[in-house]
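One structure is given below, encoded as structure tokens.
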Amino acid sequence: MLLSRLRQALQEFRSASAGNVAITFGLAFLPIICGVGAAVDYSRANSVKVKLQAAIDSTALMLSKEAATDTSDQLQANASKYFLAMFNPPGVQNTTISATYSSSGGTSLVIDGSTLASTTLMHVFGIDTIKVGSTSTVKWGSTRLRVAMALDNTKSMQQSGKMDALKSAATNFLSQMQSAATTNGDVYVSIIPFSTSVNVGATNYTQSWLTWTDYGKCNGASGWGYDDYTHALCDARGGHWSAYAASKQQYWTGCVADRGGTNGPTGSNYDTNVDTPNIGDPATLFPAVDYSDCPQQALGLSYDWSTMSSLINSMSPNGYTNQNIGLALGWMSLVGGGPFTVPATSPGYDYEKIIILFTDGLNTENRWYTDQSSIDDRETMTCDNIKAAGITLYTVQISTDGTAPSSLLQNCASDSSKFFYLTSSSQLVTTFNQIGISLSNLRIAK
């Protein structure tokens, strides 16, 4: 009897039409409310995730400065301190943060974070929180920097406070490079002061990569500054070349001129490349010269930051401009050869080679020429060879006398963003700082 009545009631409910719309709407309303609640709560959770990611990224960058020297406990404690100072949105709970430092296959720091975001509408359906997580990885040890600074030390640098500004800018740049290194060897820097020549060190006077063909005195040439002429320039001016006796080599001040043949570079092009000096081919050797404008001695790749700073602060302006020799020797300081040896590379790392060429003037004299266009042609070849070798080249021109931007330097730079044209000494510090930031900037990899 009971079963019969229940069967009849169900049949009547199925055939009834009164109130169908209300019942249908009532049944559909629950998933609608659930969907709206989910959208609202997940939108709020996504906002929490954005804030979480920003705090994790900032924590990673801050910790990267100390990660190599912190213990695991210190790293974790500092991660929590930095993170919680930046992440405290309302309605979150059970926030966790972890920091993991690794030096295997390149230095990296991984920051993982998670939190529970409270729900509002979804709470009705028994879902009280939504878990939100994120991670950030900072890698900096997998890329190591080797930077050559070719710095103009010519006489015009004594004007408008340019030399003092250069010293300040270059010293600040070294500090940036030092900060970018977590361990010795992450960043190496070479410093190549140049004028007409480059000083490779007088103590090297017995080295086989030197030639003494251009070491002597020019007599009877037209013009002035005879002792500063090389053999080729002396001959070109109608003078007579007298080589110094071998015993006078010990008084050599350390300067070398452009590599190549005595009568000109054509056919050898060793002034535009880094081919290894070969005692059997004099054109490949560095000609020792007795120039009176010999700048401070160049320093090969080093992370002795104190010595580098002292070298920069001892620079003084003198002589004519030969950008190409500073560029060529800067290149050789990165790859080795002649007066330079380079530290060995280590597996698991990428090595970025960079040259920064700084000058305040146009080319005026090299080993063979005193006309700008001929020297510019040599430099153009050097720049092309450097870029073809995969080396990044920055060029910085400071013009306080209204000299127009140099097309040579613009074309030499690896791209337009790496050429800087400055019209005041005060811009030097900002420019070198900008380059330093570009080189030392830690990249968020994930």
Side-chain angles (χ1 to χ4, degrees), residues 150-157 159 192 194-198 214 218 221-226 228-239 255-274 283 287 289 291 293 295 317-331 355-388 393-416 418-423:
L151 305 177
D152 192 332
N153 275 217
T154 54
K155 186 177 294 185
S156 57
M157 283 293 294
Q159 302 168 358
I192 316 295
F194 70 88
S195 55
T196 317
S197 57
V198 168
D214 275 352
C218 182
S222 60
W224 56 279
Y226 307 150
D228 289 348
Y229 291 157
T230 60
H231 201 329
L233 287 181
C234 180
D235 291 345
R237 291 176 178 260
C255 268
V256 296
D258 310 83
R259 295 197 297 168
T262 302
N263 296 319
T266 304
S268 64
N269 293 328
Y270 293 116
D271 59 322
T272 68
N273 61 43
V274 288
V289 290
Y291 285 174
D293 65 356
N318 191 23
Y320 298 102
T321 304
N322 179 13
Q323 298 167 14
N324 188 60
I325 195 168
L327 194 58
L329 270 292
W331 181 12
I355 299 175
I356 303 171
L357 173 64
F358 168 82
T359 184
D360 78 325
L362 306 177
N363 284 315
T364 53
E365 183 177 301
N366 69 1
R367 183 182 173 194
W368 307 279
Y369 308 117
T370 55
D371 65 287
Q372 179 188 336
S373 61
S374 295
I375 307 172
D376 284 359
D377 289 343
R378 308 310 302 168
E379 186 173 344
T380 297
M381 293 178 64
T382 306
C383 292
D384 291 342
N385 291 338
I386 288 172
K387 289 183 286 188
L393 179 54
Y394 288 83
T395 58
V396 182
Q397 177 188 359
I398 180 170
S399 173
T400 57
D401 60 359
T403 301
S406 165
S407 58
L408 168 68
L409 294 175
Q410 292 180 73
N411 294 330
C412 270
S414 291
D415 57 60
S416 59
K418 294 175 178 61
F419 168 70
F420 297 85
Y421 176 70
L422 316 179
T423 56

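Computed from heavy atoms alone, side chains included, the values below leave out hydrogens, waters and symmetry copies. Values in this document were obtained by computation on a predicted structure and should not be read as measured data.
Two residues are said to be in side-chain contact when any heavy atoms from C-beta on lie closer than 4.5 Å; T400 and Q159 fail this criterion. Within the 4.5 Å cutoff, the side chain of N411 has no heavy atoms near those of the C383 side chain. Taking 4.5 Å as the limit, some side-chain heavy atom of T423 sits within range of a side-chain heavy atom of Y421. The shortest distance between side-chain heavy atoms of F419 and L409 falls below 4.5 Å. Two residues are said to be in side-chain contact when any heavy atoms from C-beta on lie closer than 4.5 Å; F194 and L327 fail this criterion.
For T403, the side chain to side chain contact (heavy atoms under 4.5 Å, CB included) partners two or more places apart in sequence, or in a different chain, are L362, Q397, S399, D401. D293 pairs by the side chain to side chain contact (heavy atoms under 4.5 Å, CB included) definition with S195, T196, S197, Y291, N318, not counting sequence neighbours. Applying the side chain to side chain contact (heavy atoms under 4.5 Å, CB included) rule to A236 yields no partners; only residues at least two apart in sequence or on another chain are considered. For D271, the side-chain hydrogen bond (donor to acceptor under 3.5 Å, both in side chains) partners are R378, not counting sequence neighbours. Take T382 and apply the side-chain hydrogen bond (donor to acceptor under 3.5 Å, both in side chains) test, not counting sequence neighbours, and it matches N324. When the side-chain hydrogen bond (donor to acceptor under 3.5 Å, both in side chains) test is applied to S374, the partners found at least two apart in sequence or on another chain are D371. With sequence neighbours left out, the side-chain hydrogen bond (donor to acceptor under 3.5 Å, both in side chains) criterion links Q372 to D376. Judged as a side chain to side chain contact (heavy atoms under 4.5 Å, CB included), and not counting sequence neighbours, the contacts of S268 are Y270, A283. Partners of D360 under the salt bridge (Lys or Arg N to Asp or Glu O under 4.0 Å) rule, at least two apart in sequence or in another chain, are K162. Scored by the salt bridge (Lys or Arg N to Asp or Glu O under 4.0 Å) test, D152 finds no partners at all (sequence neighbours excluded).
Every pair tested for salt bridge (Lys or Arg N to Asp or Glu O under 4.0 Å) that includes a residue from residues 260-270 fails, sequence neighbours excluded, so the list is empty. The salt bridge (Lys or Arg N to Asp or Glu O under 4.0 Å) analysis of residues 255-270, with sequence neighbours excluded, yields no pairs.
Between atom OG1 of residue T154 and atom CD of residue E365 there is a gap of 12.0 Å, rounded to the nearest 0.5 Å. Rounding to the nearest 0.5 Å places CH2 of W368 at 9.0 Å from CG of D214.
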